[in-house]
2 protein chains.
Amino acid sequence: MTYCVGLVLDRGIVFMSDTRTNAGVDNISTFRKLHRFDVPGERALVMMTAGNLATTQAVVSLLEERTKAHDDRDPSILSVPSMFQAARLVAETLRGVIDTHASTGQRADSGFNATVILGGQIKGGPPRLFLIYPEGNFIEASVETPFFQIGETKYGRPILVRAYERDMSFADAMKLMLLSFDSTIKANLSVGLPLDVCFYDADSFKCDNILRIEADDPYFAAISDGWGDALKLAFESLPNPEV
Amino acid sequence: MTYCVGLVLDRGIVFMSDTRTNAGVDNISTFRKLHRFDVPGERALVMMTAGNLATTQAVVSLLEERTKAHDDRDPSILSVPSMFQAARLVAETLRGVIDTHASTGQRADSGFNATVILGGQIKGGPPRLFLIYPEGNFIEASVETPFFQIGETKYGRPILVRAYERDMSFADAMKLMLLSFDSTIKANLSVGLPLDVCFYDADSFKCDNILRIEADDPYFAAISDGWGDALKLAFESLPNPEV
């Protein structure tokens with residue numbers, strides 16, 4: 001499986017993904033699932049993927065190839081005029097790859113499907129965040145639903161729902177997302193460290209600060225250990241029922 | 001869907017289940033999923049079910065009928081000599097019901113499967129808690145894995161993993177389980193109030209205290225509201241990353 005979160009804040013967008021892939025529990029590997037496409041000063045896009053690894057790698061490769069050789073009919077992710085068009089391009093590429101595999105009559109146990117989170121900003125528009133489905137359609141984050149999760153989403157959702165605030169700092173958002181990942185990692189073998197984090201600062205049109213949080217990261221360990229105690233204190237602070 | 005938790009403590013076993021059933025999102029109903037079988041002073045068993053409602057109701061009805069007319073070859077849940085034999089009886093009944101539906105060649109979209117949590121105590125043995133699979137086999141809770149969840153288990157798991165302690169009071173256990181249910185209910189429409197709770201006091205051989213927590217329960221509302229604030233304080237108490 002996989003776990004990725006894209007979170008819209010007043011000051012930008014934060015992206016976090018794990019790096020574990022697995023085919024069964026006895027075949028796990030580490031692959032980057034967070035990819036960026038940028039033209040500094042003009043556009044910065046970050047894409048995270050969940051699902052069949054052959055599908056998601058093909059999508060990334062096709063998008064990258066097209067940035068090197070494209071024509072007017074087939075614009076690249078580095079030349080489309082808006083985030084909406086970028087989402088459409090990624091969505092069409094994704095659907096195309098899935099169709100190619102499925103139309104040969106091949107079947108994979110887990111399907112060839114994949115899901116994508118795409119976020120960023122292109123000059124002339126605001127920062128936007130999209131969730132792209134394997135069917136090639138997509139939805140956009142909004143004030144009511146300011147974050148998207150893909151992959152193994154359930155364990156880490158309650159803390160996001162409870163503690164997210166739109167005006168959080170990047171540091172707070174990172175802490176929140178680490179807690180969400182920690183809850184998931186503790187419960188599910190298919191999500192694992194290292195994690196990749198990327199902060200997109202609104203109107204900066206660059207995303208050069210990709211952090212990798214390794215398995216022995218001292219801050220992650222402190223958060224993970226501290227959260228158990230903090231939760232217990234929170235638990236004790238609530239009134240007891242009369243039973 | 002459904003959400004049920006059975007939790008083993010030093011002082012007994014706590015059972016909690018929701019009551020929502022659904023066939024799609026446009027057809028929801030309220031059904032009891034927590035059932036008890038007892039002979040006060042001699043045995044007390046509690047069963048919770050998740051899965052196809054026709055299957056689980058048939059299992060409960062068959063178990064109840066057999067308590068009224070049984071022979072030596074076919075003991076009832078009120079006459080089996082041990083919790084292990086009770087689990088075997090429930091498991092065989094469950095597999096039988098599923099086989100009956102499946103063997104007619106019928107197919108339901110969501111399958112005829114169901115899963116059962118069975119716990120309690122029969123004189124001569126300790127309190128025991130089992131998780132029974134649709135295949136008719138089962139596992140027992142242990143010191144390392146002192147609780148079972150069935151149904152929509154993921155949202156509510158992190159808080160159980162973090163805050164459970166074997167020597168908790170029933171009041172603390174109820175608070176913990178309500179938080180686990182609240183996290184699930186907030187995230188998933190297929191789990192809903194009212195909730196049923198049952199405390200089994202070790203060596204009491206009775207379980208007459210089934211509580212129903214209605215949608216307007218003031219304690220549940222206080223826990224649900226208070227948890228948001230308590231979590232935020234816990235969140236703020238953790239150190240910030242340097243980003």
Side-chain angles (χ1 to χ4, degrees), chain A residues 14 149 152-165 168-188 197-199 201 209 211 213 217-220 222-243, chain B residues 14 149 152-165 168-188 197-199 201 209 211 213 217-220 222-243:
Chain A
V14 188
Q149 306 166 283
E152 186 56 66
T153 61
K154 295 185 179 183
Y155 302 105
R157 189 171 179 82
I159 180 69
L160 290 180
V161 169
R162 291 287 201 174
Y164 165 84
E165 314 244 7
M168 284 179 136
S169 66
F170 280 148
D172 273 344
M174 176 163 165
K175 186 164 78 170
L176 174 60
M177 289 162 97
L178 286 180
L179 290 175
S180 176
F181 273 76
D182 183 51
S183 293
T184 309
I185 288 168
K186 280 219 167 15
N188 196 301
V197 195
C198 179
F199 302 97
D201 225 328
N209 49 348
L211 267 175
I213 299 169
D217 185 82
Y219 178 70
F220 184 74
I223 285 285
S224 178
D225 293 346
W227 188 235
D229 297 335
L231 266 190
K232 278 187 190 165
L233 286 176
F235 179 70
E236 282 160 20
S237 76
L238 294 179
N240 269 347
E242 290 166 24
V243 290
Chain B
V14 188
Q149 305 167 282
E152 185 57 66
T153 61
K154 296 186 179 183
Y155 303 105
R157 189 170 179 84
I159 180 69
L160 290 180
V161 170
R162 290 286 200 174
Y164 165 84
E165 315 243 6
M168 283 180 139
S169 66
F170 280 149
D172 272 343
M174 176 162 163
K175 188 164 76 170
L176 174 59
M177 289 161 97
L178 286 179
L179 290 175
S180 176
F181 273 75
D182 183 51
S183 293
T184 309
I185 289 168
K186 281 219 167 11
N188 195 301
V197 195
C198 180
F199 302 98
D201 226 328
N209 48 350
L211 266 175
I213 298 169
D217 185 83
Y219 179 69
F220 184 75
I223 284 285
S224 178
D225 293 345
W227 187 236
D229 297 334
L231 267 189
K232 279 187 190 164
L233 286 176
F235 178 72
E236 282 160 20
S237 77
L238 293 179
N240 269 348
E242 287 165 26
V243 288

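Both backbone and side-chain heavy atoms feed into the values below; hydrogens, waters and symmetry mates do not. Every chain is numbered from 1 and lettered A, B, ... according to where its sequence line falls, protein lines coming before strand lines.
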**Request:** Using a cut-off of under 4.5 Å on heavy-atom pairs, state which of B:P239, B:A187, B:G156 scores highest against chain A.
**Result:** B:P239
**Complete:** chain A shares the most heavy-atom pairs under 4.5 Å, among B:L178, B:D229, B:D182, with B:D182
**Prompt:** In terms of heavy-atom pairs under 4.5 Å with chain A, which of B:N188, B:L176, B:T153 leads?
**Reply:** B:L176
**Asked** Which atoms of B:L238 come close to chain A, meaning under 4.5 Å heavy atom to heavy atom: side chain ones, backbone ones, both, or neither?
**Response** both
**Asked** Looking at B:K232, B:K175, B:E242, B:R157, which makes the most heavy-atom pairs under 4.5 Å with chain A?
**Response** B:K175
**Message:** Given heavy-atom pairs under 4.5 angstrom as the criterion, report whether the side chain, backbone, both or neither of B:Y219 touches chain A.
**Reply:** side chain
**Item:** Portion of B:F199 that has a non-hydrogen atom of chain A nearer than 4.5 angstrom
**Value:** side chain
**Complete:** Looking only at A:S237, A:P158, A:S183, most heavy-atom pairs under 4.5 Å shared with chain B are made by A:P158
**Prompt:** In terms of heavy-atom pairs under 4.5 Å, which option from B:L233, B:D172, B:V161 contacts chain A the most?
**Reply:** B:D172
**Message:** Could you report the tightest heavy-atom contact between A:F235 and B:W227, atom names first, then the distance?
**Reply:** N-CZ3, 3.7 Å
